[in-house]
Amino acid sequence: MNIEISNLTKTIEGQKVINHFNLLISEGSIHGILGSNGAGKTTMLKVMAGLLKAEIGQVNFDGCSIYDNSALKQKVVFVPDIPYFFRGASLQDQRKFYERVYQSFDGKRFEQLCDMFQLDVKQPIASFSKGMQRQALFILVLSIKADILLLDEPFDGLDPIIRQKIKNLLIQEVSERSVTLVISSHNLREVEDLCDAVTILHYGQKIYSSAIDTMKTNICKLQIAFRSDPPKALFDQLQIYKQTKTGRVYTLLIRKDNNIEQIITQFNPLMYDILPLTLEEIFSYEMGERGYEIHNIILES
Ligand SMILES: Nc1ncnc2c1ncn2[C@@H]1O[C@H](COP(=O)(O)OP(=O)(O)OP(=O)(O)O)[C@@H](O)[C@H]1O
């Protein structure tokens with residue numbers, strides 16, 4: 001299902017938490033919603049899941065609104081950042097509850113995932129560690145076989161091995177069943193290997209949104225050195241966004257161009273290297289241009 005968010009606005013206790021927000025997310029994609037604490041990510045996911053009502057605007061899944069639509073809520077699942085389980089419940093008990101609520105719950109998949117994570121299905125979940133409780137939640141959620149998963153800070157508190165295991169399972173869901181994932185995070189590094197596109201939310205407003213491929217193909221880094229001063233004619237031809245110099249080596253952020261090597265070699269440089277930018281570098285540049293410091297927005301460690 002495609003997701004279309006139009007002009008979404010949500011006020012909570014007099015504060016505009018989501019502010020005229022628009023976004024299209026296509027089926028089978030992984031979209032990261034990035035933003036610092038309090039940016040509005042959880043509220044956004046809850047409105048998308050139909051748990052909160054939009055005040056202005058709407059969220060549509062293949063043209064259908066989710067609020068008060070129980071059939072659609074079977075297919076669109078919100079996964080909270082803090083797992084909730086019934087008091088004293090084991091995974092086996094929670095499974096029974098999920099089976100009652102979600103018609104598509106797949107018992108075989110549940111057992112497969114329990115084996116994979118090696119959690120005791122009879123032990124009270126409350127006696128699991130924080131990371132194990134999160135794994136328990138993933139076992140349940142991935143057994144629902146939903147069409148859309150709205151995941152709120154899904155990797156918080158997981159060790160790197162479990163984190164990778166869950167990422168692999170999510171990628172499998174997307175590639176095998178064309179599931180659409182919307183993942184919120186306050187940390188770009190945590191989701192950059194997973195997302196096809198990212199949106200940055202800041203005080204409820206979209207300040208940036210792009211497909212990662214597009215970002216990576218638009219800009220590159222050129223390191224270049226000349227025997228003497230660099231030829232002005234070359235620098236005039238390149239679309240330079242940012243320029244630094246260390247010794248003889250110039251590092252330039254430039255717009256990528258298919259003829260770039262041809263242009264550069266005409267000027268006989270001493271050396272040159274064209275490098276792709278990391279997402280962090282792209283964001284530092286893009287956000288800097290807009291007057292934001294990305295470390296305050298999406299690089300919280
Ligand atoms: N139930 C509520 N009552 C009052 N204010 C709320 C409520 N829910 C959210 N807010 C406010 O809305 C803003 C956005 O909160 P939200 O939880 O959506 O942000 P977030 O980006 O998910 O933050 P975090 O990364 O810290 O989880 C915050 O200022 C928060 O205080």
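For ligands, and for the atoms within them, numbers begin at 1 and follow the listed sequence.
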Legend entry - N/O separation below 3.5 Å, Gly40 to ligand 1: yes

Inset, instruction - Would you please indicate if the ring centroids of Phe86 and Phe97 are separated by under 6.0 Å? - result: yes

Inset, instruction - Identify whether the distance between the nearest side-chain nitrogen and carboxylate oxygen of Lys41 and Asp152 falls below 4.0 Å. - result: no

Legend entry - Aromatic centroids of Tyr98 and Phe110 separated by under 6.0 Å: no

Legend entry - ligand 1 atoms in contact with Asn37 (distance to a heavy atom under 4.0 Å): 23 (O), 24 (P), 25 (O), 26 (O)

Inset, instruction - Name the closest protein heavy atom to atom 12 (O) of ligand 1, giving the residue it belongs to and the distance to 0.1 Å. - result: Val17 CG2, 3.2 Å

Inset, instruction - For a ring-ring contact (aromatic ring centres under 6.0 Å, His included) with Tyr250, tell me which candidate from Phe235, Phe226, Phe267 qualifies. - result: Phe235

Inset, instruction - Assess Gly204 for proximity to ligand 1: is some non-hydrogen atom of it under 4.0 Å away? - result: no

Legend entry - Ala39 N/O to ligand 1 N/O under 3.5 Å: yes

Inset, instruction - Please indicate whether any nitrogen or oxygen in Thr42 is less than 3.5 Å from any nitrogen or oxygen in ligand 1. - result: yes

Legend entry - Student check: side-chain heavy atoms of Lys221 and Glu281 closer than 4.5 Å: yes

Inset, instruction - Check ligand 1 against Glu153 and write out every atom of the ligand that is under 4.0 Å from a heavy-atom position of the residue. - result: 25 (O)

Inset, instruction - Check whether any heavy atom of Lys46 sits under 4.0 Å from an atom of ligand 1. - result: no

Inset, instruction - Please indicate whether any nitrogen or oxygen in His186 is less than 3.5 Å from any nitrogen or oxygen in ligand 1. - result: no

Legend entry - Pairs touching residues 124-178 that satisfy ring-ring contact (aromatic ring centres under 6.0 Å, His included), sequence neighbours left out: none

Inset, instruction - Check whether NZ of the Lys or CZ of the Arg Lys75 lies under 6.0 Å from the centre of the six-membered ring of Tyr102 and within 45 degrees of that ring's axis. - result: no

Inset, instruction - Closest by any non-hydrogen atom to atom 1 (N) of ligand 1: pick that one out of Thr43, Val47, Ile12. - result: Ile12

Legend entry - Backbone or side-chain N or O of Asp152 under 3.5 Å from ligand 1 N or O: no

Legend entry - Tyr272 OH: over 12 foreign heavy atoms closer than 6.0 Å: yes

Legend entry - Axial cation check for Phe105 ring with Lys145, 6.0 Å and 45° limits: no

Inset, instruction - For atom 25 (O) of ligand 1, find the nearest protein heavy atom and state the residue, atom name and distance (0.1 Å precision). - result: Lys41 NZ, 2.8 Å

Legend entry - Atoms of ligand 1, numbered as shown, that sit under 4.0 Å from any heavy atom of Gln15: 11 (C), 29 (O)

Legend entry - Atom NZ of Lys46: over 12 foreign heavy atoms under 6.0 Å: no

Inset, instruction - Output the list of atoms in ligand 1 that are nearer than 4.0 Å to some heavy atom of Ser36, sorted by atom number. - result: 21 (O)

Legend entry - Polar contact flag for Gly38 and ligand 1 (N/O pairs, less than 3.5 Å): yes

